[in-house]
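Here is the structure we will look at, set down as structure tokens.
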Amino acid sequence: MISAASDISSPVGVIAGGGAMPFAVAESLAARGIAPVLFALRGACDPARVERFRHHWISVGQLGRATKLFRSEGCRDLIFIGTLLRPALSEIRLDWGTIRVLGRVWAAFRGGDDHLLSGIGRILEQDGFRMVGIRDVAPDILMPEGNIARAAPDSAAAADIAKGREVLGALGPFDIGQAVVVIDGHVVAVEDIEGTDGLLTRVARLREAGRIRAKSGRGVLVKAPKSSQDLRFDLPAVGAKTIEGAARAGLAGIAVIAGHTIAADSQAMIAAADRTGLFIQGLSA
């Protein structure tokens, strides 16, 4: 992807799913003098927090309504951000704008999450909009390179990080997940539909059940974008909740790809890591 950072036009349309990320992006844009307009996805976006910003509500399946709203607000540049539970096609209430491109929408649904988001993005780009990424509109919320907490990985953790990157590189073409837990060279869990929080909960349960024999304070959560991923969509994200989950799972720390991972509330995340003794490492891409 060619960066559009130097050519971002105001206002920017933020297609907002769940979680804190849409609001972190909106705040980053506003701090740099770029007006955000949030297009809040019903059933996903936080209705209380979105009230702080200029916004419209849209539903999945309302491409026609959405594109009219984008144009009425003058939003040439659009970004997808936030969590979204993939709906079944039978749950989508189609408007005419969606029916017009139903074949392309169906093709987008036939694949993993990255395939879905990039497919919808291509439909919008064919309508004259430009899909941009976090690196273009809010680079300040991306993970920097190096260690950002007091603790640092030892040689065993470094080996686990290398193993985790290798595993994620092999899994990437299958659009399965963006995270893996490696403990003393053993791959003990891979992210699936339950997400990173669920992955860490599963590792904690395995420890409690005695299925993981390594002592607490060993092992690493490694996160990375999929190898074939369009980096405008669905970047990995970490935060204080990730650190707390890794601590409950008995890990030594987390390692993520610098510049390709969202870390919106980095101060809270660092504080959680320093409190629990975990490391946070930003890896070179």
Side-chain angles (χ1 to χ4, degrees), residues 83 142-227 229 234-285:
T83 58
L142 293 173
M143 174 70 72
E145 190 169 340
N147 294 316
I148 64 171
R150 282 199 295 262
D154 59 16
S155 58
D160 286 344
I161 292 169
K163 181 71 167 283
R165 293 193 71 168
E166 183 180 356
V167 170
L168 290 174
L171 292 176
F174 299 99
D175 199 4
I176 294 173
Q178 299 174 311
V180 62
V181 170
V182 181
I183 302 176
D184 292 339
H186 300 288
V187 178
V188 299
V190 175
E191 185 182 61
D192 57 17
I193 196 170
E194 65 191 349
T196 301
D197 293 339
L199 166 69
L200 293 171
T201 298
R202 181 158 32 107
V203 174
R205 286 200 303 265
L206 289 170
R207 277 197 185 277
E208 291 170 2
R211 299 293 301 276
I212 296 174
R213 299 297 180 88
K215 65 180 182 180
S216 183
R218 298 186 71 83
V220 182
L221 169 73
V222 185
K223 295 194 72 168
K226 301 155 194 169
S227 56
Q229 184 170 338
D234 195 28
L235 285 183
V238 292
K241 188 175 181 181
T242 313
I243 297 299
E244 291 160 2
R248 287 192 295 270
L251 302 182
I254 71 171
V256 300
I257 306 300
H260 294 164
T261 306
I262 300 169
D265 194 352
S266 58
Q267 293 308 309
M269 181 172 64
I270 292 168
D274 288 342
R275 184 174 64 252
T276 56
L278 272 66
F279 66 79
I280 306 172
Q281 186 174 58
L283 306 170
S284 59

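We count residues from 1, following the sequence as given. Worth knowing before you read on, the calculation uses all heavy atoms, side chains too, and leaves out hydrogens, waters and symmetry mates.
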Distance, nearest 0.5 Å, that separates CG of L171 from CD of E191: 11.0 Å

Side chain proximity check, M269 to M143, heavy atoms < 4.5 angstrom: yes

Please name the pair of heavy atoms, one in K163 and one in G185, separated by the smallest distance, quoted to 0.1 Å. NZ-O, 2.7 Å

Quick one: does N147's side chain have a donor or acceptor within less than 3.5 Å of a partner on A149's backbone? no

Side chains of D197 and K241: does their closest heavy-atom pair fall under 4.5 Å? yes

Pairs meeting criterion side-chain hydrogen bond (donor to acceptor under 3.5 Å, both in side chains) with involvement of residues 176-185, two or more places apart: Q178-Q229, D184-R218

Counting N and O atoms only, with roles assigned by atom type, does the side chain of R207 sit under 3.5 Å from a partner on the main chain of A249, one being a donor and the other an acceptor? yes

Can you confirm whether V220 sits close enough to I161 that some side-chain heavy atom of one is under 4.5 Å from a side-chain heavy atom of the other? yes

Can a donor-acceptor pair be found, under 3.5 Å and without considering hydrogens, that links the side chain of T261 to the backbone of A258? no

G217 to A252 - nearest heavy-atom pair and separation: O-CB, 3.3 Å

Nearest non-hydrogen partners of G250 and S216, listed with the distance: CA-OG, 3.5 Å

Tell me yes or no: between the side chains of T196 and K223, is some donor less than 3.5 Å from an acceptor? yes

Is a side-chain donor or acceptor of R211 paired with a backbone partner of V203 at a separation under 3.5 angstrom? no

Closest contact, heavy atoms only, P236 versus A224: CG-C, 3.7 Å

For E194, does the CD atom have more than 12 heavy-atom neighbours from other residues, nucleotides or ligands under 6.0 Å away? yes

Apply salt bridge (Lys or Arg N to Asp or Glu O under 4.0 Å) to R275 and E244, showing your working. CA-CA 10 Å; R275 184 174 64 252; E244 291 160 2; 3.8 Å; yes

Closest heavy-atom pair, F279 versus A151, reported as atoms and distance to 0.1 Å, is CB-O, 3.4 Å

With side chains defined as the heavy atoms from C-beta onward, is the minimum distance between V181 and L199 less than 4.5 Å? yes

State which residues pass side chain to side chain contact (heavy atoms under 4.5 Å, CB included) with R150; sequence neighbours excluded, sorted by chain then number. D274

Find out whether I262 and V238 are in side-chain contact, i.e. whether some heavy atom of one side chain is under 4.5 Å from a heavy atom of the other. no

From OG1 (T242) to CG (L251), nearest 0.5 Å: 11.5 Å

Less than 4.5 Å apart, side chain to side chain, heavy atoms only: is that true for D192 and R202? yes

Side chains of R165 and I257 in contact at under 4.5 Å (non-hydrogen atoms): yes

From CG (L278) to CG (L221), nearest 0.5 Å: 10.0 Å

Quick one: are V222 and V256 in side-chain contact, heavy atoms under 4.5 Å? no

Criterion side-chain contact (heavy atoms from CB on, under 4.5 Å) against V180, the qualifying member of D160, V187, V188: V187

I need the minimum non-hydrogen distance between L142 and G259, along with the two atoms involved. CD1-O, 3.4 Å

